[in-house]
Participant: 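Structure incoming, see below.
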Number of protein chains: 2
Amino acid sequence: MRATRQRVRILESLSVLCDHPTAEQVHRQVVATDPTVSLGTVYKALDSFVAAGLITRVAAADGAARRYDADCSAHHHLYCPDTQEIIDYRDPQLDALIRDFFATRQLSGFQPQGFSLHITGTRPRLDDGQK
Amino acid sequence: MRATRQRVRILESLSVLCDHPTAEQVHRQVVATDPTVSLGTVYKALDSFVAAGLITRVAAADGAARRYDADCSAHHHLYCPDTQEIIDYRDPQLDALIRDFFATRQLSGFQPQGFSLHITGTRPRLDDGQK
DNA sequence: GTGATTGCAAAATCTTTGCAGGGAC
DNA sequence: GTCCCTGCAAAGATTTTGCAATCAC
């Protein structure tokens, strides 16, 4: 994959936007440092990144726009319907628990490759270092 | 909520479409039995149903359109990126496992209300009664 | 030089909205 | 009768696409 100026800027912006931005939000961030980058390019670049496995699309139940997640390490999501916030949640113990569960319980015909737990709840304030 | 002809038809269609249809697919199904129902009405009715808790929106990572799930009982999703299929997966043991986990581990500031596990994998063929 | 990538703008999708008329209660 | 709901069509929002020019390699 070619390292064009635009793509580098977009990747930079993704790391700045540590939440789960929409394509539009990524574009706004990119334009702040490089006003010539077009929204179409952002869409194309994000597609490329997803195809390359650099980022993932987040499954947002509500809200119209798709969102992207710059962080590809396995993690889970806390979702607050009130604020539309999506917060990363990491917990190795939880991962192990689920992984062990599927190790013993075969899903016939389905080969699990990964999983992500979406936890819905209210008033997210992860004021400890949980994130 | 008023039980209009259109809404009844839409609910019927949702139960026929046991997978996770888009608004467009619901509309096609409804029109098959009642050609006068408009797409706009389908959107409005689906919104009402979601607000009333009768159905939920499914978090589809890929694909442009939102999808709806007529089944509100707690369940998980098997997702195959190749076929874009979303398959319901139910497992009380898994539910208990996760519920117990969060019972002991408090997320500070976040009050979990529900959860859903999204399992990504390949070639789903749940040829047993797992579904 | 070659082929992937960009910018632009138009098109295609998907969803929401406004409003007058109609139906459920 | 009242107020919510419908149909329609237009608007809005989001995403994709085509193509000539440009850039990374």
Side-chain angles (χ1 to χ4, degrees), chain A residues 1-14 17 19-70 81 84 86, chain B residues 1-14 17 19-70 81 84 86:
Chain A
M1 149 136 39
R2 290 193 183 171
T4 64
R5 178 176 51 85
Q6 291 86 343
R7 286 185 175 171
V8 173
R9 289 281 155 70
I10 291 169
L11 274 183
E12 283 171 3
S13 298
L14 279 171
L17 300 164
D19 53 345
H20 303 77
T22 64
E24 186 72 54
Q25 291 170 327
V26 173
H27 182 235
R28 258 201 298 278
Q29 178 65 31
V30 171
V31 162
T33 70
D34 189 337
T36 67
V37 179
S38 74
L39 179 59
T41 297
V42 171
Y43 271 104
K44 288 172 186 168
L46 289 175
D47 274 355
S48 304
F49 294 159
V50 170
L54 289 173
I55 65 174
T56 54
R57 278 192 185 152
V58 175
D62 286 10
R66 295 179 196 177
R67 297 191 180 186
Y68 296 85
D69 194 337
Q84 295 264 101
I86 302 173
Chain B
M1 149 138 35
R2 288 193 185 171
T4 65
R5 177 176 52 84
Q6 291 87 341
R7 286 186 173 171
V8 174
R9 290 282 155 71
I10 291 169
L11 273 183
E12 283 171 4
S13 299
L14 279 171
L17 300 165
D19 52 347
H20 302 77
T22 63
E24 186 72 55
Q25 290 171 326
V26 173
H27 182 234
R28 259 201 297 278
Q29 177 65 31
V30 170
V31 162
T33 70
D34 190 336
T36 67
V37 179
S38 74
L39 179 59
T41 297
V42 171
Y43 273 104
K44 287 173 188 168
L46 289 175
D47 274 356
S48 303
F49 295 159
V50 170
L54 289 172
I55 64 175
T56 54
R57 277 193 185 152
V58 175
D62 286 10
R66 297 181 194 176
R67 296 190 182 188
Y68 296 86
D69 194 337
Q84 296 261 101
I86 302 173

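Because the structure is predicted, anything quoted here is derived from the model rather than measured.
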Participant: Please examine the side chains of A:R5 and A:T36, heavy atoms only from C-beta on, and report whether any two atoms are closer than 4.5 Å.
Facilitator: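 Yes - at least one pair of side-chain heavy atoms lies under 4.5 Å apart.
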Participant: Hey, is the main chain of B:R2 close enough, under 3.5 Å, to the side chain of B:R7 for a donor-acceptor pair?
Facilitator: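 Yes; at least one donor-acceptor contact below 3.5 Å.
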Participant: Can you tell me how far P of C:dT15 sits from NE2 of B:H27, to the nearest Å?
Facilitator: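 Atom-to-atom, B:H27 to C:dT15, this comes out as 13 Å.
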Participant: Can a side chain N or O of B:Y43 be found less than 4.0 Å away from OP1 or OP2 on C:dT15?
Facilitator: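 Answer is yes, contact under 4.0 Å.
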Participant: Verify, without hydrogens or angle tests, whether A:H27 (side chain) and A:V37 (backbone) share a donor-acceptor contact under 3.5 angstrom.
Facilitator: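 At least one qualifying donor-acceptor pair exists.
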Participant: Base of D:dC4, side chain of B:R2 - is there a donor-acceptor contact under 3.5 Å?
Facilitator: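 Answer yes: a donor N or O sits under 3.5 Å from an acceptor.
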Participant: Please state how far atom CD in B:Q25 lies from atom C1' in C:dC14, giving the value in whole angstrom units.
Facilitator: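 After rounding, the gap between these two atoms is 13 Å.
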Participant: Take the protein atom OH of A:Y68 and the nucleotide atom P of D:dT15, then report the distance between them rounded to whole Å.
Facilitator: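 In whole Å, D:dT15 P lies 6 Å from A:Y68 OH.
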Participant: If we check side-chain contact (heavy atoms from CB on, under 4.5 Å) with B:Q29, which of these qualifies: B:V42, B:L17, B:I10?
Facilitator: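 Answer to the side-chain contact (heavy atoms from CB on, under 4.5 Å) test with B:Q29 among B:V42, B:L17, B:I10: B:L17.
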Participant: Do A:D34 and A:Q6 come within less than 4.5 Å of each other through their side chains, counting heavy atoms only?
Facilitator: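 Result no, sub-4.5 Å side-chain heavy-atom pair not found.
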Participant: Counting just side-chain N and O atoms, does A:Q6 come under 4.0 Å of either OP1 or OP2 of C:dG7?
Facilitator: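 It does, given that an N or O in the side chain of A:Q6 lies less than 4.0 Å from OP1 or OP2 of C:dG7.
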Participant: What distance separates B:R28 CZ from B:T22 OG1, expressed to the nearest 0.5 Å?
Facilitator: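 B:R28 atom CZ to B:T22 atom OG1 measures 6.5 Å (nearest 0.5 Å).
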Participant: Roughly how many Å is it from CZ in A:R28 to P in D:dA13, rounded to a whole number?
Facilitator: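 One finds 12 Å between P of D:dA13 and CZ of A:R28, rounded.
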Participant: Any heavy-atom pair between the side chains of A:Y68 and A:H20 that's under 4.5 Å?
Facilitator: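 No, too far: nothing below the 4.5 Å cut-off.
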Participant: When all nucleic acid strands are considered with a 4.0 Å heavy-atom cut-off, which category describes A:A3: base, sugar-phosphate, or nothing?
Facilitator: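 Here A:A3 touches the backbone only, sparing every base.
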Participant: Using whole Å, what does the distance between atom C1' of nucleotide C:dT17 and atom CG of B:L46 come to?
Facilitator: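 It works out to 17 Å between those atoms.
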Participant: Report the nucleotide, chosen from D:dC5, D:dT16, C:dT15, that has the shortest atom-to-atom distance to any side-chain atom of A:D47.
Facilitator: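 The answer is D:dT16, which lies nearest to the side chain.
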Participant: Measure the distance from CD on B:E24 to C1' on C:dT16 and round it to the nearest whole Å.
Facilitator: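 Interatomic distance, CD of B:E24 to C1' of C:dT16: 15 Å.
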Participant: Any residue in residues 34-41 of chain A with a heavy atom nearer than 4.0 angstrom to DNA chain C? Just list them by number, or reply none.
Facilitator: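 A:T36, A:V37, A:S38, A:T41 - these, ordered by number, are the residues of the stretch whose heavy atoms sit under 4.0 Å from the strand.
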Participant: Closest-nucleotide mapping onto DNA chain C: is B:T4 or B:K44 further toward the 5' terminus? I mean the 5' end.
Facilitator: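 Between the two, 5'-proximity favours B:K44.
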Participant: So, does the side chain of A:R5 form a donor-acceptor pair with the base of D:dC23 at under 3.5 Å?
Facilitator: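 Answer is no: no donor-acceptor pair is held.
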